[in-house]
Structure formats: structure tokens, C-alpha cells
Amino acid sequence: MEGRSLGGGSKAASLPRMAALRTGTGISRRHLSTFCPGPLRYNREFWAGTAKSMSNLIVLGAQWGDEGKGKIVDLFSEKFHAVARYQGGHNAGHTVYIGERKFVLKLIPSGVLRAGVQAVIGNGVVIDPKALLEEIHGLEAMGVDVKPQLKISNRAHVIFPFHRTLEKISEGREGRIAIGTTSRGIGPCYEDKIARRGIRVADLVDSDFEQLYRALAEDKQLIADAFKLTDRVDFKEILEQYKQYAEEIRPLVCDTQHLLNGLIREGKSVLFEGAQGTMLDIDFGTYPFVTSSSAAAGGACTGTGVPPNRIDGIVGVSKAYITRVGAGPFPSEDLTELGEEIRRRGNEFGSVTGRPRRCGWFDVPLLRYTAEVNGFDSLIITKLDVLDELKEIPVCVAYEVDGKVVYEMPASTRRMEVIKPVFERLPGWRTKTQGIAQMDKLPKAAQSYLKFLEERTGVEIGSVSNGPERNETMIIPGSKLEKLLE
Ligand code: IMP
């Protein structure tokens, strides 16, 4: 196998373009006015005009998040017309290095760093307007003119400060097993969504916001009274703040399902960006130690309104080892000095909370499980270079549960917690791999390691990333991934 490098020459290639303060998104004004939020022109030929030329791709985490999706999405986004986030909120943290500059994106899709790419926050996302505006202003201060490129779904739900307060009570309550959440109010906001009392962006920017807010606040007031929190939640002040946020957000709001489907009908391509990772998915993750949204590939459709038959490929991103933030089962966790070393070398500290990430070894049963749930066409292995110094590398190839060797991910919390990992040890390469741009130039032991992962997981490795920079990523020629990116 050999590889070629993506991302091109100059490290800071797109920054001058950013600084030039973009005026548009590469998408015609006619298009935007037609689909966002213009009149619905539904008829029998609705899809007839679909000019299929490029792939619509989902890129998502194959482990517990923090796999390096931000860099991959940023890299791939140059080949797409739009990049859409489909779940989660500002609990996510996607780090992108462009030359000397570090961008940490929480709510806004990484695609916004590319001139002309339409960035979309889909209906499956929960939005804290304060966090969103801070992120927009922060990016603007770094020369990224976000607003002309960003659209926000009118169906996304809104996070309020009392969601964070409720989360703190819930996490801190005696007798409750703490999930170790990011404390951003994500779970309580999704609770309101599912309980059908949430407030959506469309309501926030509408004239009856105050009325809806009062109904929700009344509900929360009861809880605040019960927990004697009345002094900590100022409902009136929140209302006034949110009215101000609404003014600034309003021009960015539209029916993003209509926008995205319209783009696809025109033959334009969409990259769907997952946050968090499959093992934090509300249904398929290590429940209850999960986030409250559908992080798996299926969430890309429900979280944007783009139908499943418009998706052409699904790509999983996995570290060459594995990490997890927060509490919950972690079969291949390494609690020895070696785990510490991986944390140091991989700089494994949460980009949102700064918490040290728990570190462990590549877990084959877990990856096979997430590959099945998501239908991965291809895998991208990141941070290979972090393993450069190791003499040997353990890989978890099976689980021992209640004395039996199993290859599947158990569903019950108890069984997940008692898993004993079965390891095979592969020789390390003890050579610097950072920045090597071709698979056949990697040390033989590194090539064997990757081959081993490919064979055991049953999913092709279509790309390997071995450094934080955009151009420190190789795409394997002839891979499915290469075809999907054509
Ligand atoms: P929540 O999403 O804040 O409710 O947190 C639920 C769990 O998901 C906790 O274990 C968090 O540490 C984890 N989590 C949430 N977002 C991320 C992320 O972007 N990367 C890694 N873990 C995350």
C-alpha cells in the first residue's frame, strides 16, 4: 500500500483567504434565497433534478470521541460544498491546527474554516446561544468571517442556563452514579426536547418566545423551589438575555433540511460531521455513561433531515489507540505508567473541559461493533505517531466476561464493567513516523500494525494521520475512501 498526502503545500494555505473576509459561500444567492427560507416548491419532480456528481459522506467517531474528527473534517471539507453538524452541542471540541494557529470548534462545523463552504448546524444539535455567539466572535477575531457561511436549523433546541443548573444537581445528587458530563446542560436540554416542552430556535426568534419561555420557566421554577435554588436562577434576566441573543442569531436561522436537500438536488455534496463518537451514542454507547444524542451514523439523517438514501458513504475515525473522558466502562484502559505516557505524548486532555483523558489500547471488538452499527466503508486511523516510541503495542482482541471469551460488546452495564481484555502484543517500530506521507515509507512494523487492525476489524484503512497538521494525513490510493472523495 502506498499513500498520498492531502492538504497540499502551504500550512496556512487558507488563512489569507479567510482574512480576505469572504463575502459568500460559493453557493449562489439565488440558491440561498430559493431554499433558505424561500417558498416550498414541492411537486412530483421534487428529486428529478438531482444532478448526482459527488458523494455525501458521514464522518464520525468510532470510539468514545476525541478521535481527531475535527482535523479530518477540516481536511476533507475542501472537497464538499457543505459541512453539517447533526447532534450534540458545545460539549464537543474539535481541534484544528492551521500553521501556527489552533482553532477549537465546539458548535460550529470545522468546514467553516474553508472559504466558500456552507456550514450548517442541524436540527439534532442543541444550541446554547451564548456559547454559539462566543464561538462566532472568537473565530471572527481570528479572521474567520463566520456569519456569511453559517446557517442554523430553526428546529434545533435551545439550551438555557437552568439546564446547566439542573445537570449539576443531578450529577451531584447523593446516591446517583455520576456520568462525568461536560456540565454544559446538554442532557437536560435533550430531556426537554423528548418530553415535548423544549424551546426550539424557531421559537427563540419568534414573537411568541416570551410566552413559551414563561411556560418552560414555570416548570423549572417548581424544581428550583423544590431544591431551594430560587436565588441561583434569575428567570427574568435569562429572558432578557435570550431576547438579545435572538436578535443576533435571527439572520443565521433557516430551515436547514430544506437548504441541505436543495443543495443535494443541485448535485452539490454534503459532509456530515459527527461529534462525540459512537460509544457515547444514546442507544449504542456504554449506557448510561453516554451523551444524550444519536452520535452514530443514523443520527446524521434524523439530525439534519437528509434522507438515508442520499448518503453515499460512512467513514469512521479511530485513534491508533483509544481514549475516553468521563466515567464508564473502558475495557482496554491502561492504568499503568504506560497509559500516562500515552496521555503525555498524545496530549490527551479534553479540549472543552481540559480534563485528562483516560488512555488505553485499540479495542478490536469495540471497533467491530461500531463498524456494524454505523456501516463503515472505510476507517481513518489517527495519531499513529503517538505510538512511535513503544517497544510493543498491546491490542485488545477479545473480551473475557464471566469467565467466557466473547467477541461482542455486551449491553448490560454490569457485564460491560466486568470485561477483562484479552490482549495480543505487536512489535513497535521505535522510529519517528510523524509526517511520513506514504504507507510504504512507514516502518514495516507500523505497516504490520495497521494491516493487523484492518484484518481484525474487517474494515479497510483508507487513511492514516500521523501529525496534527492538515497535510500530515495520507489517503490510501485505490481505497474506497479515495473513491468517495473523488
Ligand atoms: P455530556 O455530553 O456533557 O452529557 O457528557 C456525557 C458523556 O459524554 C461524558 O462522559 C462526557 O465526558 C462525554 N463527552 C461529551 N462530549 C464529548 C466529546 O466531545 N468528547 C469526548 N467525550 C465527550
Side-chain angles (χ1 to χ4, degrees), residues 6 14 17-18 22-43 45-60 69 72-86 108-125 144-156 252-274 297 299-315 377-378 475 480-486:
L6 260 189
S14 71
R17 283 188 292 159
M18 282 177 200
R22 302 171 290 250
T23 49
T25 63
I27 294 161
S28 67
R29 280 186 203 289
R30 182 200 65 77
H31 180 96
L32 278 177
S33 62
T34 307
F35 290 106
C36 188
L40 182 67
R41 298 179 308 157
Y42 192 85
N43 59 42
E45 268 70 54
F46 193 58
W47 289 106
T50 302
K52 195 81 202 77
S53 60
M54 282 187 70
S55 299
N56 299 313
L57 212 64
I58 304 173
V59 173
L60 78 154
K69 297 176 293 291
I72 300 299
V73 170
D74 163 64
L75 183 65
F76 289 0
S77 57
E78 104 183 313
K79 293 174 171 280
F80 290 81
H81 296 98
V83 178
R85 261 285 294 275
Y86 60 84
I108 301 174
S110 324
V112 82
L113 300 178
R114 297 271 184 189
V117 172
Q118 173 73 67
V120 172
I121 298 181
N123 55 279
V125 176
V144 186
D145 192 17
V146 180
K147 286 179 182 163
Q149 272 179 250
L150 180 65
K151 288 290 170 204
I152 300 167
S153 170
N154 49 9
R155 291 185 174 83
L252 307 178
V253 176
C254 79
D255 188 338
T256 51
Q257 73 77 18
H258 202 41
L259 169 69
L260 290 168
N261 284 313
L263 289 174
I264 294 171
R265 275 196 297 277
E266 282 192 354
K268 300 214 160 93
S269 56
V270 180
L271 182 60
F272 298 86
E273 175 183 346
C301 294
T302 54
T304 60
V306 172
N309 60 359
R310 299 289 130 191
I311 307 295
D312 301 293
I314 301 168
V315 176
D377 293 297
S378 194
I475 301 288
K480 268 194 204 173
L481 179 64
E482 188 190 48
K483 290 197 184 72
L484 287 166
L485 292 171
E486 266 167 11

_Counting C-beta onward and ignoring hydrogens, is there a side-chain heavy-atom pair between Leu57 and Leu485 closer than 4.5 Å?_
yes
*Using atom types as modelled and distance alone, determine if a side-chain donor or acceptor of Asn123 lies under 3.5 Å from a backbone N or O of Thr302.*
yes
_Tell me whether Arg114 contacts the main-chain N or O of Asp74 through its side chain, where contact means a donor paired with an acceptor under 3.5 Å._
yes
*asked:* Could you check whether any side-chain heavy atom of Val120 comes within less than 4.5 Å of a side-chain heavy atom of Thr304, counting everything from C-beta outward?
replied: no
_Exam field: side chain Asp377 to backbone Val315, donor-acceptor pair closer than 3.5 Å_ = no
*Can you name the closest pair of heavy atoms from Phe272 and Asn56 and give their distance?*
CE1-CB, 4.1 Å
*CG/Leu75 to CD1/Ile475 distance, rounded to the nearest 0.5 angstrom?*
6.5 Å
*Find out whether Leu260 and Arg310 are in side-chain contact, i.e. whether some heavy atom of one side chain is under 4.5 Å from a heavy atom of the other.*
no
*Do Ile108 and Arg85 pass the side-chain contact (heavy atoms from CB on, under 4.5 Å) test, and can you show the C-alpha distance, the side-chain angles, and the key distance before you say yes or no?*
CA-CA 8 Å; Ile108 301 174; Arg85 261 285 294 275; over 6 Å; no
*Nearest-0.5 Å distance that lies between atom NZ in Lys483 and atom CG in Asp312*: 14.5 Å
*Residues that Ser110 engages under side chain to side chain donor-acceptor pair (under 3.5 Å), provided they are two or more places apart*: Glu273
*Which atom names give the shortest non-hydrogen contact between Val73 and Gly111, and what distance separates them?*
CG1-N, 4.4 Å
*Do Phe80 and Leu263 have side-chain heavy atoms sitting under 4.5 Å apart?*
no
*asked:* For the OG1 atom of Thr256 and the NZ atom of Lys151, what is their distance to the nearest 0.5 Å?
replied: 10.5 Å
*asked:* Under a 3.5 Å distance rule, please check whether Ser55 uses its side chain to pair with a backbone N or O of Leu484 as donor and acceptor.
replied: yes
*asked:* Side chains of Gln257 and Asn261: any donor to acceptor distance under 3.5 Å?
replied: yes
_Does any part of the side chain of Ile311, heavy atoms only, come nearer than 4.5 Å to the side chain of Ile58, both counted from C-beta?_
yes
*Would you name the heavy atoms of Leu60 and Gly274 that are closest together and state the gap between them?*
CB-CA, 4.3 Å
*Over all heavy atoms of both residues, which pair between Leu150 and Pro109 is shortest? Give the atoms and the distance, please.*
CD1-CD, 4.4 Å
*Which atom pair, heavy atoms only, marks the closest approach of Gln149 to Ala115?*
OE1-CA, 4.2 Å
*Give the minimum heavy-atom separation between Ala297 and Ile314, together with the two atoms involved.*
CB-CG2, 4.0 Å
